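Atom set for the values below is all heavy atoms of this structure, side chains included, hydrogens, waters and symmetry mates excluded. Predicted model only: the values in this text are computed from it and were never measured.
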Amino acid sequence: MSQIQALLAKRRTIYQLGDRVEIATEALTNMIQHAVREAPSAFHSQSSRVVVLYGQAHQRVWSIAEDALRQIVPAEQFAATQQRLDGFRAAFGTILFFEDQNVVKELQERFPLYADNFPKWAQESTAIAQYAVWLMLTEHNLGASIQHYNPLINEAVQQAWQLPESWQLLGQMPFGSIEGMPAEKAHMLDSERFRVFGA
């Protein structure tokens with residue numbers, strides 16, 4: 001098995017996260033930036049935008065999520081939501097993934113034949129960027145998960161960090177030390193997922 005194959009297999013969704021991270025925040029930030037910078041995007045649009053939160057900023061985003069969820073989750077059911085949010089708070093940091101809608105609109109104007117596709121391709125761009133970051137974290141023995149409290153928290157997040165209105169929040173990635181592993185995952189039979197022709 002090659003190194004990349006091993007890394008792909010090692011990456012898991014980790015919910016039991018902690019803050020026991022020995023890598024300096026500057027080094028972590030550089031790794032995240034490198035992963036996003038090298039991630040492909042349609043027409044090399046580089047539409048992905050990323051905000052990395054540490055310390056109190058990391059705690060704040062989950063307080064924003066908690067405040068928003070209290071408005072819609074029945075009080076008698078909130079304990080489970082609170083437990084999940086506290087798990088994210090226990091992590092070392094959170095990475096917020098955005099797509100710049102100004103870039104999408106500009107591409108739609110420049111290439112009207114593909115206008116309907118650019119929003120879809122932007123979604124693909126952020127997914128690739130998220131996966132690239134996730135693999136890089138995995139390589140350094142850090143755990144992560146991807147969450148989607150957007151669009152519920154989008155406006156509050158933009159206000160909290162004075163972000164451009166064109167940045168659309170599409171995912172939140174809490175990350176940190178791995179404090180517990182999930183159960184083994186099962187895979188479908190390859191014969192049910194893949195077809196190969198001409199080999």
Q: Would you compute the distance between atom CZ of Phe175 and atom OG1 of Thr138 and round it to the nearest 0.5 angstrom?
A: 12.0 Å

Q: Between Ser45 and Leu107, which heavy-atom pair has the shortest distance, and what is it?
A: CB-CD1, 3.5 Å

Q: As an exercise, state the distance from CD1 of Ile23 to OG of Ser177, rounded to the nearest 0.5 Å.
A: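 It is 11.0 Å, given to the nearest 0.5 Å.
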
Q: Among the clusters formed by ILVMFWY side chains lying less than 4.5 Å apart, do Val103 and Phe111 turn up in the same one?
A: yes

Q: For atom CD of Glu155, is the number of surrounding heavy atoms from other residues, nucleotides or ligands below 6.0 Å larger than 12?
A: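 Incorrect, the count does not exceed 12.
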
Q: Just checking Glu165: does its CD atom have more than 12 heavy atoms from other residues, nucleotides or ligands closer to it than 6.0 angstrom?
A: no

Q: Checking Ser47 against Glu99 for the side-chain hydrogen bond (donor to acceptor under 3.5 Å, both in side chains) test, could you report, in this order, the C-alpha distance in whole Å, the side-chain angles of both residues, the deciding distance, and whether it holds?
A: CA-CA 6 Å; Ser47 54; Glu99 284 291 308; 2.4 Å; yes

Q: Looking only at heavy atoms, what is the nearest atom pair of His58 and Thr94, with distance?
A: ND1-OG1, 2.7 Å

Q: Does either side chain, that of Gln172 or that of Asn150, offer a donor lying less than 3.5 Å from an acceptor on the other one?
A: yes

Q: Rounded to the nearest 0.5 Å, what's the gap from CD on Glu106 to CZ on Phe118? Could you check?
A: 10.0 Å

Q: To check you understand the geometry: which heavy-atom pair defines the closest contact between Ala129 and Ser48, and what is its length?
A: CB-OG, 4.0 Å

Q: Show your reasoning for whether salt bridge (charged side-chain N to carboxylate O under 4.0 Å, His left out) applies to Lys120 and Glu124.
A: CA-CA 6 Å; Lys120 303 170 192 173; Glu124 293 171 3; over 6 Å; no

Q: Hydrophobic clusters join Ile, Leu, Val, Met, Phe, Trp and Tyr when side-chain heavy atoms are under 4.5 Å apart, directly or via other members; which others share one with Val73?
A: Tyr15, Val51, Leu53, Val61, Trp62, Ile64, Leu69, Ile72, Phe78, Leu85, Phe88, Leu96, Phe98, Tyr149, Leu152, Ile153, Val157, Trp161, Leu163, Trp167, Leu169

Q: A quick test of your reading: do over 12 heavy atoms of other residues, nucleotides or ligands sit less than 6.0 Å from CD of Glu184?
A: no

Q: Less than 3.5 Å apart, any donor N or O on the side chain of Thr81 or Gln83 sitting next to an acceptor on the other?
A: no

Q: Can Asp190 and Arg193 be said to form a salt bridge (charged side-chain N to carboxylate O under 4.0 Å, His left out), step by step?
A: CA-CA 5 Å; Asp190 286 351; Arg193 298 189 70 183; over 6 Å; no

Q: For the hydrophobic clusters of this structure (ILVMFWY residues joined by side-chain heavy atoms under 4.5 Å, transitively), does one cluster hold both Val52 and Val36?
A: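 Linked, Val52 and Val36 end up in one cluster.
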
Q: Let me confirm one number: the CD-CG distance from Gln130 to Leu135, rounded to the nearest 0.5 Å.
A: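 Spacing of CD (Gln130) from CG (Leu135) equals 12.0 Å.
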
Q: Are the ring centres of Trp134 and Tyr131 closer than 6.0 Å?
A: no

Q: What pair of heavy atoms forms the shortest contact from Ala122 to Val104, and how long is it?
A: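 Minimum heavy-atom separation between Ala122 and Val104: CB-CG2, 3.8 Å.
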
Q: Have Asp86 and Gln82 got a donor and an acceptor in their side chains that come within less than 3.5 Å?
A: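 Result is yes, a qualifying pair exists.
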
Q: Is Gln5 atom CD crowded by more than 12 heavy atoms from other residues, nucleotides or ligands, each under 6.0 Å away?
A: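 For Gln5, atom CD is crowded (more than 12 foreign heavy atoms under 6.0 Å).
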
Q: For Leu170 and His148, which heavy atoms make the closest approach, and how far apart are they?
A: O-ND1, 3.0 Å

Q: Do Leu142 and Met173 sit in the same hydrophobic cluster, where Ile, Leu, Val, Met, Phe, Trp and Tyr count as joined when their side-chain heavy atoms come under 4.5 Å apart?
A: yes

Q: First locate atom CD of Glu66, then atom CD of Gln71, and finally report the distance between them rounded to the nearest 0.5 Å.
A: 11.0 Å

Q: What distance separates His34 NE2 from Met136 CE, expressed to the nearest 0.5 Å?
A: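 Result: 5.0 Å between the selected atoms.
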
Q: Write down the atom of Gly180, the atom of Ile14, and the distance for their closest heavy-atom approach.
A: O-CG2, 3.8 Å

Q: What do the steps show when you test Thr29 against Gln33 for side-chain hydrogen bond (donor to acceptor under 3.5 Å, both in side chains), and what is the final call?
A: CA-CA 6 Å; Thr29 301; Gln33 290 173 336; over 6 Å; no

Q: For residues His44 and Gln46, is any side-chain donor paired with an opposing acceptor at under 3.5 Å?
A: yes

Q: Applying salt bridge (charged side-chain N to carboxylate O under 4.0 Å, His left out), run through Glu139 and Lys10 and close with a yes or a no.
A: CA-CA 9 Å; Glu139 184 179 31; Lys10 183 179 178 182; over 6 Å; no

Q: Any salt bridge between Asp67 and Arg70, counting N to O under 4.0 Å?
A: no

